[in-house]
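In what follows, a structure is listed as structure tokens, so that the remarks can point back to it.
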Amino acid sequence: MDVQKQLLEMDMEEDAMMDVREQLKHPVIIAMKGHHCTGKSTIARVLAGFLGYPIIAQDDLLDYAGDKSFEAICRIAATQLIRIRVIIDSSLTSQAHRDRLVQLAESTRARLIIVECRPSDEYEWRQRLERRAIFDQSYKPSTWGDLQKMLGKYEDYDVGAVPKLILDTTKVFKEGVLVSAILAIAFYRNPHVVELDQWEDLVTSLRMSKRSKEERGRYRHSHTLGLSNEGKDTKGTCNICSELVSGQAYDCDECEFILHKFCAELSDKVQRLPDECPPFLRAIPPVYTFPEKHVCDACKEAKKGFSDECLDCLFLTHLKCKLLPTILHHECHEHPLRFEISPLNSNFKFICRACGHFGGGIVYSCGRCRLHFHVSCLLLPRTLKHRTHRDPLTLNYFPPNDGSSEYYCNACEGERKPSHWIYYCADHEFAAHMSCMTPEVRPYDMQNDKRLDILKM
């Protein structure tokens with residue numbers, strides 16, 4: 001383990017024992033950092049709504065330019081930090097501006113943390129810029145080429161002894177996790193530069209390492225299922241069929257949960273799933289109308305009935321109904337995909353790797369690769385015939401990419417993302433959105449979900 005990771009884990013351990021009331025005594029400066037259309041202002045608004053901190057935005061000071069506007073927001077922040085915490089929204093592309101924030105933090109005895117927004121998906125970043133330019137014709141840079149020229153002149157700098165959290169704004173994240181990470185990292189003994197995913201993984205690992213396997217079995221958690229490659233005899237019973245388990249099986253390394261390989265994969269019905277999967281499981285969003293309901297042990301002990309807000313009740317009901325495999329081997333991905341189900345009122349949302357639309361409630365995922373898929377996308381027919389093309393079309397999980405900057409659907413003539421699955425005819429180079437070929441693929445109804453604004457800004 002590298003030294004930086006060891007220091008981070010030590011600080012996490014120490015933070016767990018810190019009195020929260022001591023933290024509340026300190027002013028805090030959350031300084032946003034990022035280029036145009038990376039989502040930093042949207043994240044600032046999310047944090048402000050969650051924490052109740054005021055935003056001091058450089059863009060609001062229209063009468064000032066450059067260094068003058070940054071100095072103005074620092075002076076406003078200095079006044080506010082006497083009694084409250086603040087969020088400073090600026091690009092923070094200059095080391096001189098970082099130095100000014102350090103000076104501000106020292107003069108007000110405030111904790112300073114930088115939150116840098118880095119979109120890893122260049123396509124999404126470009127789409128945001130183009131939408132912004134359409135909405136505001138005076139916005140500069142107005143084209144992707146102009147932004148690239150601007151970035152070519154920019155040199156990143158070392159933030160020094162200032163903690164920094166790096167957030168990929170083209171990924172879905174939980175607001176509570178982001179806020180927890182910011183407030184924790186700001187008060188660690190040592191300054192760290194850490195990505196949100198990395199921090200969340202370490203928190204989970206440290207939390208679980210404190211529990212013995214027997215103790216962890218008493219806590220609700222999402223079972224991490226691994227296949228035992230060697231035949232094994234055990235006194236455990238399969239959580240699906242209730243028969244004794246012997247031979248290959250999927251078990252959880254955090255508790256005594258175990259499934260026969262055959263029961264977990266439902267290999268006898270996988271081929272029939274596209275036709276036999278109930279519509280309520282393919283719906284986006286799903287509705288939980290299972291033909292029968294099963295109550296988890298925790299709810300039984302609490303003398304409660306089945307609850308569709310209980311993760312364990314939902315997962316147990318999924319297992320017993322045997323409507324979908326818990327472990328799915330699909331040709332789109334090299335690793336097995338695991339079925340997960342969440343209460344519909346939970347904050348869990350994901351972006352489907354296949355179609356690019358949001359999802360929630362039910363998902364097949366690869367934890368190792370952090371990939372998520374709609375059930376409906378994984379059950380699409382491998383080939384189909386459509387009126388827009390004379391030959392049969394094949395579902396292509398890895399669309400051809402010739403390095404072009406733009407890709408289009410030959411059915412609707414709309415733009416498509418090169419990494420999303422398509423229906424394709426190689427002979428005629430005909431490529432089409434999955435949603436144009438089948439009604440099974442449709443956007444998730446996000447209503448007023450804030451993550452939609454984050455990813456579309």
Side-chain angles (χ1 to χ4, degrees), residues 4 7-8 10-12 14-16 18-35 38-61 64 66-118 154-167 178-196 198-199:
Q4 290 299 322
L7 286 174
L8 179 58
M10 289 172 59
D11 283 344
M12 284 179 166
E14 184 177 312
D15 179 68
M18 186 179 294
D19 189 343
V20 176
R21 290 172 295 183
E22 285 298 313
Q23 294 185 357
L24 294 175
K25 294 178 182 178
H26 294 275
V28 174
I29 303 169
I30 300 175
M32 305 306 302
K33 181 178 186 293
H35 295 293
T38 55
K40 62 183 181 301
S41 296
T42 305
I43 299 298
R45 290 193 293 271
V46 169
L47 294 174
F50 201 102
L51 294 166
Y53 299 174
I55 300 175
I56 305 173
Q58 189 172 7
D59 288 347
D60 292 340
L61 302 178
Y64 297 89
D67 293 341
K68 289 185 177 180
S69 61
F70 191 82
E71 178 60 29
I73 62 174
C74 286
R75 292 187 180 185
I76 296 171
T79 303
Q80 300 298 320
L81 285 167
I82 296 174
R83 54 188 179 86
I84 60 175
R85 302 173 171 193
V86 299
I87 300 169
I88 293 180
D89 180 16
S90 73
S91 60
L92 203 59
T93 53
S94 166
Q95 184 163 4
H97 291 174
R98 172 264 179 202
D99 295 342
R100 179 67 179 92
L101 286 179
V102 171
Q103 181 185 26
L104 172 63
E106 291 175 348
S107 64
T108 57
R109 297 183 178 179
R111 296 280 185 159
L112 170 63
I113 180 170
I114 293 173
V115 178
E116 181 170 0
C117 297
R118 290 184 188 173
Y154 169 74
E155 292 186 7
D156 202 1
Y157 56 87
D158 186 354
V159 296
V162 178
K164 180 169 75 171
L165 179 68
I166 300 170
L167 173 65
L178 174 62
V179 170
S180 297
I182 291 172
L183 296 183
I185 296 169
F187 284 90
Y188 286 162
R189 180 185 299 274
N190 300 289
H192 298 281
V193 176
V194 60
E195 296 181 5
L196 181 62
Q198 176 192 5
W199 183 87

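We number each residue from 1, following the sequence as shown.
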Validation row: [X], [Y] side chains within 4.5 angstrom (heavy atoms):
X    : Y    : result
I30  : R85  : no
H192 : W199 : no
P191 : V162 : no
L101 : L92  : yes
K33  : D156 : yes
Y188 : P163 : no

Quick one: closest heavy-atom pair of [X] and [Y], and the distance?
X    : Y    : answer
A48  : I87  : N-CD1, 3.6 Å
I43  : C117 : CG1-SG, 4.1 Å
L112 : A105 : CB-CB, 3.9 Å
D89  : S41  : OD2-OG, 2.8 Å
C74  : L104 : O-CD1, 3.8 Å
A181 : L196 : CB-CD1, 3.7 Å

### Task
Step by step, work out the side-chain contact (heavy atoms from CB on, under 4.5 Å) result for K40 and S91.
CA-CA 8 Å; K40 62 183 181 301; S91 60; 4.2 Å; yes
### Query
Between I182 and V28, does a side-chain contact (heavy atoms from CB on, under 4.5 Å) hold up when you go through it step by step?
CA-CA 10 Å; I182 291 172; V28 174; 5.9 Å; no
### Query
side-chain hydrogen bond (donor to acceptor under 3.5 Å, both in side chains) with R98: which residues, sequence neighbours excluded?
none
#### Entry: Which residues share a side-chain hydrogen bond (donor to acceptor under 3.5 Å, both in side chains) with Y157, sequence neighbours left out
none
Enter the distance from [X]:[atom1] to [Y]:[atom2] here, rounded to the nearest 0.5 Å.
X    : Y    : atom1 : atom2 : value
Q103 : T108 : CD    : OG1   : 10.5 Å
R45  : M32  : CZ    : CE    : 10.5 Å
E71  : H97  : CD    : NE2   : 9.0 Å
K164 : I113 : NZ    : CD1   : 11.0 Å

### Task
Please work out whether the ring planes of H35 and Y154 are parallel, tilted or perpendicular, with thresholds of 30° and 60°.
perpendicular
### Task
Could you walk me through whether E116 and V159 pass side-chain contact (heavy atoms from CB on, under 4.5 Å), step by step?
CA-CA 11 Å; E116 181 170 0; V159 296; 5.9 Å; no
### Task
Verify side-chain contact (heavy atoms from CB on, under 4.5 Å) between L178 and L165, making sure each step is shown before the conclusion.
CA-CA 9 Å; L178 174 62; L165 179 68; 3.7 Å; yes
